[in-house]
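Heads up: the structure comes next, in structure tokens.
Chain letters run A, B, ... following the sequence lines, proteins first, then strands; residues in each count from 1.
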2 protein chains.
Amino acid sequence: MRHRLKDVAERAGVSVKTVSNVVNGYVHVRPDTRARVEEAIAELNYRPNLSARHLRKGRTGVIALAVPELDIPYFAELARYVVTAAADFGWTVLIDQTGGGREQERVVASGITDHLIDGLIFSPLALTAEDLAGLDGTPMVLLGERVDHGPADRVVIDNVGAAREITGHLIGLGRRRIAAIGSQRTDEGASARLRLAGYGDALRAAGLDYDEALVAPASAWHRADGAAAMRGLLTSGVRPDAVFCFNDTLALGALRALHEAGLRVPEDVAVVGFDDIEDGRFSIPTLSTVAPDKAQIARLAVELLANRLDGDRAAPARELSAPYRLELRESTQTP
Amino acid sequence: MRHRLKDVAERAGVSVKTVSNVVNGYVHVRPDTRARVEEAIAELNYRPNLSARHLRKGRTGVIALAVPELDIPYFAELARYVVTAAADFGWTVLIDQTGGGREQERVVASGITDHLIDGLIFSPLALTAEDLAGLDGTPMVLLGERVDHGPADRVVIDNVGAAREITGHLIGLGRRRIAAIGSQRTDEGASARLRLAGYGDALRAAGLDYDEALVAPASAWHRADGAAAMRGLLTSGVRPDAVFCFNDTLALGALRALHEAGLRVPEDVAVVGFDDIEDGRFSIPTLSTVAPDKAQIARLAVELLANRLDGDRAAPARELSAPYRLELRESTQTP
DNA sequence: CCTCGTTTCTACAACGTTGTAGGCAACGTT
DNA sequence: AACGTTGCCTACAACGTTGTAGAAACGAGG
């Protein structure tokens with residue numbers, strides 16, 4: 001019961017191409033012809049076959065967003081903004097969950113979705129510049145710091161500056177034993193490395209020692225990892241009076257661990273996160289955090305992709321920076 | 001720089017169809033021919049054009065999952081399970097965010113994605129059975145209760161039973177003034193209606209009064225709505241000793257409002273939610289909740305879709321039920 | 001050596017769409 | 001009256017793939 005241009009054409013008594021012209025808004029169609037065709041389209045509930053159109057035009061109107069995990073709130077929120085921004089360009093967004101592994105990301109990047117999508121917005125965790133080097137295919141925009149001098153357009157935020165600023169805020173509150181949660185040894189942790197650098201900068205600027213014992217690694221950045229890292233810090237005897245968690249889910253886990261240990265936030269330990277996810281506005285206590293402008297990140301990424309699609313595909317890669325601000329809530333402020 | 005079957009065929013010195021046969025795993029190909037073709041494929045980094053394949057075969061290997069909002073944790077978690085379950089069938093999942101409005105949902109259902117996807121898993125909020133009646137198109141599986149006697153396959157959970165059970169748990173704790181948060185007046189609130197019914201059943205079964213003043217509506221089911229509803233209950237003077245929130249985000253908002261009012265959970269007020277989202281395992285206190293088997297919901301939905309695609313499209317609609325269990329945590333239990 | 005069946009491969013057409021080229025009529029200009 | 005221009009429409013081919021039909025090569029059985 002699905003109809004084609006041909007069916008509409010027969011019903012309206014015109015050629016297939018004329019129907020195509022009406023569908024595509026071609027100007028030179030007589031008003032009465034147009035009306036007849038539109039009537040036939042409505043009667044048959046005709047919808048163009050996107051695959052056929054793509055095959056002919058080379059465009060699908062679909063872009064993909066590839067993120068490591070959808071149930072990490074930051075990515076879910078980002079996905080929402082990307083869908084919204086893409087809608088302004090008439091694009092549908094296919095969301096792909098990579099799982100974050102290098103091999104899976106390679107598969108996505110090298111284009112399992114190839115030929116179905118016009119472009120890709122990609123937030124890689126494990127992928128390296130070499131993995132991307134051999135790709136001739138789909139235009140791509142990268143999010144985040146992972147691929148340092150990759151061949152593709154990028155949208156980043158100033159991780160070092162943001163980390164320095166929020167650590168500086170803790171110092172300004174009079175805290176002196178400031179822990180960090182979320183460092184990573186592997187190459188995968190580009191964001192971790194930059195945020196750790198900013199943390200170190202802020203300590204140095206304030207004349208504080210950088211104490212290895214206060215820096216807790218976290219292989220993944222989930223709530224459970226944050227809680228485990230916090231428990232580790234508490235039992236190790238380093239007695240922090242503040243914690244900078246490298247993202248909000250780590251911080252929410254840390255809040256939980258502090259609560260279980262009977263410590264008060266912020267009186268005993270101040271806590272800050274990074275990402276400004278919805279949860280942090282309702283947690284107990286509410287969470288101070290670095291708030292990247294996610295709407296702007298999404299918009300910039302979509303615009304970069306649009307430029308790449310319409311313009312020069314061989315043009316040199318561009319890098320745009322999105323702003324952030326500090327959201328100061330209860331976890332650093334006594335009421 | 002993108003290659004076609006023809007390029008591979010020329011390089012391997014065979015016909016286009018033979019390459020196609022190799023790509024599709026056709027058996028009657030001589031080993032040495034196969035090897036030569038595979039070598040050519042590797043050298044050219046050939047990837048099939050999915051649009052062309054779809055045009056020819058009528059299948060894309062892509063299904064869509066349409067949910068109201070991605071940054072509602074329940075849907076994000078569900079999306080993850082659907083992606084995983086679909087991978088077992090070799091399907092890619094396109095995730096579509098409807099926004100939950102009736103018109104937007106109609107657009108999705110009537111197939112803006114038409115011709116690109118083989119099937120649709122749809123979690124509607126506002127859509128009615130009539131909206132779906134006229135759809136001839138893509139096979140569809142519905143999630144949740146909204147469309148009562150729709151023409152499509154469905155996966156549901158026993159909302160009434162689950163609500164009755166968790167309310168019964170509160171009664172078993174000795175609570176007598178049990179509030180409910182999340183009721184909805186509009187037709188859209190099918191889940192709300194069923195959960196409210198289960199709540200009422202449990203009260204009746206225990207010989208408790210159903211008190212209108214203890215039932216707080218919430219138009220949306222976000223944290224902010226839960227917090228607002230809880231504040232309303234507290235200022236209205238009804239003094240509840242327990243609250244059943246119709247989902248977990250409402251419950252997290254309620255926890256926040258109780259905290260702000262200086263009430264202890266669960267000592268002064270016990271709180272339960274519905275959905276078992278990740279947040280509830282780390283909130284302060286951790287949240288007792290109804291845990292629907294999301295993995296099972298996703299698997300059943302994908303299987304229903306697979307049956308519909310491979311089997312009889314005109315077969316009568318089926319309805320499958322997924323199990324749930326109670327997750328009892330701190331918000332109903334003193335340590 | 002012939003016949004028959006199987007294996008291996010190829011030519012062709014078709015999926016639904018749109019770009020290109022072109023035809024025909026109506027119009028305005030010389 | 002002849003001409004070019006414009007508006008409106010159509011026929012055809014092509015996008016990259018695979019199903020169908022069948023040709024060619026090969027082996028087994030008589």
Side-chain angles (χ1 to χ4, degrees), chain A residues 1-38 40-41 44-62 90 111-118 137-138, chain B residues 1-38 40-41 44-62 90 111-118 137-138:
Chain A
M1 263 320 194
R2 191 149 290 175
H3 301 284
R4 303 154 298 162
L5 282 181
K6 194 175 167 223
D7 304 317
V8 179
E10 278 167 11
R11 191 173 190 100
V14 296
S15 80
V16 168
K17 189 62 215 292
T18 298
V19 180
S20 169
N21 286 339
V22 169
V23 170
N24 290 281
Y26 182 64
V27 281
H28 295 310
V29 180
R30 270 213 320 269
D32 62 317
T33 310
R34 183 181 299 276
R36 227 169 34 206
V37 170
E38 276 167 352
I41 288 175
L44 295 177
N45 190 29
Y46 166 78
R47 291 174 193 284
N49 181 321
L50 293 187
S51 290
R53 178 177 285 176
H54 176 220
L55 183 58
R56 187 59 237 245
K57 302 223 290 188
R59 287 277 189 99
T60 50
V62 177
I112 201 173
T113 51
D114 242 32
H115 291 291
L116 246 189
I117 59 170
D118 297 339
T138 319
Chain B
M1 264 317 198
R2 191 149 290 174
H3 300 284
R4 305 154 296 162
L5 282 180
K6 194 172 167 226
D7 303 317
V8 179
E10 279 167 10
R11 191 174 191 100
V14 297
S15 78
V16 168
K17 190 63 215 292
T18 299
V19 181
S20 170
N21 286 339
V22 170
V23 170
N24 290 283
Y26 182 66
V27 280
H28 295 310
V29 179
R30 273 213 318 271
D32 61 319
T33 311
R34 183 183 298 278
R36 228 171 34 211
V37 169
E38 277 166 352
I41 287 175
L44 295 177
N45 190 29
Y46 166 77
R47 294 176 191 281
N49 181 322
L50 293 187
S51 290
R53 178 178 285 174
H54 175 221
L55 182 59
R56 187 61 237 248
K57 303 222 291 188
R59 287 277 188 98
T60 50
V62 177
I112 201 172
T113 51
D114 241 32
H115 289 292
L116 242 190
I117 59 170
D118 297 339
T138 320

Problem set entry | From C:dT17, D:dG19, C:dT10, nucleotide with atom closest to A:Arg4 side chain |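 In terms of side-chain proximity for A:Arg4, the closest of C:dT17, D:dG19, C:dT10 is C:dT17.
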Exercise. Roughly how far, to the nearest 0.5 Å, is the NZ atom of A:Lys6 from the CZ atom of A:Arg4?
Worked result: 5.0 Å
Exercise. Atom OG1 of B:Thr18 and atom CZ of B:Arg34: how far apart are they, to the nearest 0.5 Å?
Worked result: 10.5 Å
Contact summary for [X] and [Y], nearest pair of heavy atoms:
| X | Y | value |
| --- | --- | --- |
| B:Ala12 | B:Arg36 | O-NE, 3.2 Å |
| A:Val14 | A:Val37 | CG2-CG2, 3.9 Å |
| B:Asp118 | B:Gly61 | OD2-N, 2.8 Å |
| A:Asp7 | A:His3 | OD2-CA, 3.3 Å |
| A:Ser51 | B:Leu55 | CB-N, 4.5 Å |

Distance, rounded to the nearest Å, where [X] contributes [atom1] and [N] contributes [atom2]:
| X | N | atom1 | atom2 | answer |
| --- | --- | --- | --- | --- |
| A:His54 | C:dC15 | NE2 | P | 20 Å |
| B:Asn24 | D:dG16 | CG | C1' | 13 Å |
| B:Asn49 | D:dA14 | CG | C1' | 14 Å |
| B:Leu5 | C:dA11 | CG | C1' | 15 Å |
| A:Asp7 | C:dT17 | CG | P | 9 Å |
| B:Asn21 | C:dT10 | CG | P | 9 Å |
| A:Leu55 | D:dT18 | CG | P | 12 Å |
| A:Tyr46 | C:dG16 | OH | P | 10 Å |

May I ask you to verify if any side-chain N or O of [X] is less than 4.0 angstrom from the OP1 or OP2 atom of [N]?
| X | N | answer |
| --- | --- | --- |
| A:Thr18 | D:dT10 | yes |
| B:Ser20 | D:dT18 | yes |
| B:Arg53 | D:dT18 | yes |

Problem set entry | Angle between terminal axes - the helix from C:dC1-D:dG30 to C:dT30-D:dA1, 5 pairs each end, rounded to 10° | 50°
What protein N or O atoms touch nucleotides 6-8 of chain D N or O atoms at under 3.5 angstrom, if any, and at what distances?
residue, atom, partner, partner atom, Å
D:dC8, OP2, A:His28, ND1, 3.4

Do [X] and [Y] make a side-chain contact, defined as non-hydrogen atoms from C-beta onward lying under 4.5 Å apart?
| X | Y | result |
| --- | --- | --- |
| B:Asn24 | B:Arg53 | yes |
| B:Leu5 | B:Tyr46 | yes |
| A:Val22 | A:Glu38 | yes |

Exercise. For B:Arg36 and B:Lys57, take the nucleotide of DNA chain C holding the closest heavy atom to each; which residue's nucleotide lies nearer the 5' end?
Worked result: B:Arg36
For this session: Examine the base of C:dT17 for any acceptor or donor lying under 3.5 Å from a partner atom in the side chain of A:Arg56, and report the outcome as yes or no.
Result: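 Looking at the base of C:dT17, it does not pair with any donor or acceptor on the side chain of A:Arg56 (distance under 3.5 Å).
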Seminar exercise, completed: Within residues 8-17 of chain A, those residues having any heavy atom closer than 4.0 Å to DNA chain D are A:Val14, A:Ser15, A:Lys17
Problem set entry | With A:Arg47, the side chain to side chain contact (heavy atoms under 4.5 Å, CB included) member among A:Asn45, A:Leu44, A:Leu50 | A:Asn45
